[in-house]
Amino acid sequence: MPTTPRRASYHHGDLKATLLREAIDVARTEGPHAVTLRDITRRAGVSVTAAYRHFADRDALMITVAGHGQGQSARAMERRIAALHEPTGWDLLRAVGLGYIDFARAEPGLFQAAYLEPVDLARTEDPGASGEGGRTPYQLLSDALDRMVADGTLPAERRPHAEVPAWSAVHGFAMLVVQGPLRELPPEAVDALSHRVVEAIIVGIRQV
């Protein structure tokens, strides 16, 4: 009976990492909805049963993929933050918002896996979803808002849950760019609109 050929990248004892790598690759190139355990195990050259030793089901696999994507998103934010000199809270919020959009534009499939697959906020503070600095995207957003309060640019009474309107606005714009009617715009137009959207968020968050 012929056997299913194994990918050269798979080594015994490293199946979990191989399955995750394959799932990330599919999410990146085809979108998260294309990720199935059957396809991922076929690509790895193993049975679906073998995958269950590492991931209880597709949801468990996609939680890990989402964490990887959020970590990459945090790194995009960190790159924006690293370019700042003595940043204010406004500067940090701007960097976080633009970094979020940077990641969406660079990795649309992985971006959707990172932010559309999770079903609750449980991963927003998970170390597995953090960047090089150990902070997740949500935590970086919270840090920027806290700095605005410390700077006196965000009234303390408006701070609770301010992450939600800020995140919602920048995510909506990012989705229009990667999957909606703005995806046909030239890069320079998206650059300009990205800054305009983030500036509107900075102004509007004080009035939420």
For this session: Might you point out which heavy atoms bring Gly69 and Ala114 nearest each other, and give the distance in Å?
Result: C-CB, 3.7 Å
For this session: To the nearest 0.5 angstrom, please state how far the CG atom of Asp14 sits from the NE2 atom of His54.
Result: 9.0 Å
Exercise. Nearest 0.5 Å, what's the NE2-CG distance between His85 and Asp91?
Worked result: 11.0 Å
Problem set entry | Donor-acceptor pair, side chain of Thr29 and main chain of Asp25, under 3.5 angstrom | yes
For this session: Please test Gln72 against Phe111 for side chain to side chain contact (heavy atoms under 4.5 Å, CB included), starting from the C-alpha separation and ending with a verdict.
Result: CA-CA 9 Å; Gln72 294 301 309; Phe111 168 76; over 6 Å; no
Seminar exercise, completed: So salt bridge (Lys or Arg N to Asp or Glu O under 4.0 Å) across residues 133-145, not counting sequence neighbours, yields Arg135-Asp143
Problem set entry | Rounded distance (nearest 0.5 Å) linking atom NE2 of His195 with atom CD1 of Ile101 | 8.5 Å
Problem set entry | Hydrophobic cluster membership, Val164 vs Val149, 4.5 Å side-chain cutoff | no
Exercise. Can you list every salt bridge (Lys or Arg N to Asp or Glu O under 4.0 Å) pair that touches residues 50-68, not counting sequence neighbours?
Worked result: Arg58-Glu117
Problem set entry | Ser194 side chain reached by Arg105 side chain, heavy atoms, under 4.5 Å | yes
Problem set entry | Sub-4.5 Å side-chain heavy-atom contact between Ser47 and Thr41 | no
Seminar exercise, completed: All heavy atoms of Val96 vs all of Leu140, minimum pair found to be CG2-O, 3.8 Å
Exercise. Do Leu84 and Leu93 belong to the same hydrophobic cluster, where Ile, Leu, Val, Met, Phe, Trp and Tyr are linked whenever their side-chain heavy atoms lie under 4.5 Å apart, directly or via other members?
Worked result: yes
Problem set entry | ILVMFWY cluster, Leu121 and Tyr115 together (side-chain gap under 4.5 Å) | yes
For this session: Not counting sequence neighbours, list each pair that qualifies as a salt bridge (Lys or Arg N to Asp or Glu O under 4.0 Å) and has a residue in residues 194-204.
Result: Arg94-Glu199
For this session: Without swapping roles, check the side chain of Glu78 against the backbone of Gly133 for a donor-acceptor pair under 3.5 Å.
Result: yes
Seminar exercise, completed: Interatomic distance, CG@Leu154 vs CD1@Ile202, rounded to 0.5 Å, equals 11.5 Å
For this session: With sequence neighbours left out, write down each residue that passes side chain to side chain contact (heavy atoms under 4.5 Å, CB included) with Arg28, or none if nothing qualifies.
Result: Ile24, His68, Glu107, Leu110
Problem set entry | From CA spacing to verdict: side chain to side chain contact (heavy atoms under 4.5 Å, CB included), Leu92, Ile81 | CA-CA 6 Å; Leu92 292 175; Ile81 293 171; 3.9 Å; yes
Problem set entry | ILVMFWY network linking Val190 to Leu98, side-chain heavy atoms under 4.5 angstrom | yes
Exercise. Which atom names give the shortest non-hydrogen contact between Gln139 and Thr136, and what distance separates them?
Worked result: OE1-N, 2.9 Å
Exercise. What are the two closest heavy atoms between Ala44 and Thr18, and how far apart are they?
Worked result: CB-CG2, 4.0 Å
Seminar exercise, completed: The side chain to side chain contact (heavy atoms under 4.5 Å, CB included) partners of Leu193 (sequence neighbours excluded) come to Phe173, Leu185
Seminar exercise, completed: Closest heavy-atom pair, Ala162 versus Ile205, reported as atoms and distance to 0.1 Å, is O-CD1, 3.3 Å
For this session: Could you check if a side-chain atom of Pro137 sits within less than 4.5 angstrom of a side-chain atom of Phe103, using non-hydrogen atoms only?
Result: no
Problem set entry | Residues that Ala23 engages under side chain to side chain contact (heavy atoms under 4.5 Å, CB included), provided they are two or more places apart | Val35, Ile40, Leu61, Val65
For this session: Check whether any side-chain heavy atom of Leu19 sits under 4.5 Å from a side-chain heavy atom of Glu22, and report yes or no.
Result: no
For this session: For Phe55, enumerate each residue passing the ring pair (Phe, Tyr, Trp, His ring centres under 6.0 Å) test, keeping only those at least two apart in sequence or located in another chain.
Result: none
Exercise. Between Arg79 and Asp102, is there a salt bridge with N-O shorter than 4.0 Å?
Worked result: no
For this session: Nearest 0.5 Å please: distance from the CH2 atom of Trp167 over to the NE2 atom of His161.
Result: 14.0 Å
Problem set entry | Listed partners of Tyr138 passing side-chain hydrogen bond (donor to acceptor under 3.5 Å, both in side chains), at least two apart | none
Exercise. Closest heavy-atom contact between Gly97 and Val170?
Worked result: O-CG2, 3.5 Å
Exercise. Who are the side-chain hydrogen bond (donor to acceptor under 3.5 Å, both in side chains) partners of Glu163, not counting sequence neighbours?
Worked result: Ser142, Arg159
Exercise. With a 4.5 Å limit on heavy-atom distance, are the side chains of Pro32 and Leu116 in contact?
Worked result: no
Seminar exercise, completed: CG (Leu141) and OH (Tyr100) are apart, to the nearest 0.5 Å, by 10.0 Å
Exercise. Are the side chain of Asp151 and the backbone N or O of Thr88 linked by a donor-acceptor pair below 3.5 Å?
Worked result: no
For this session: Answer yes or no: is there a donor N or O on one side and an acceptor on the other, between the side chain of Arg75 and the main chain of Gly71, under 3.5 Å?
Result: yes
Exercise. Which residues pass the side-chain hydrogen bond (donor to acceptor under 3.5 Å, both in side chains) test with Gln179, sequence neighbours left out?
Worked result: Gln112
Exercise. Mind checking what makes side-chain hydrogen bond (donor to acceptor under 3.5 Å, both in side chains) contact with Ser168, not counting sequence neighbours?
Worked result: none
Exercise. Considering residues at least two apart in sequence or located in another chain, which fulfil the side chain to side chain contact (heavy atoms under 4.5 Å, CB included) criterion with Thr36?
Worked result: Arg38, Asp39
Exercise. Does the side chain of Met77 come within less than 4.5 Å of Arg80's, by heavy atoms?
Worked result: no
For this session: Would you check if Arg183 and Val177 make a side-chain contact, meaning some heavy-atom pair closer than 4.5 Å?
Result: no
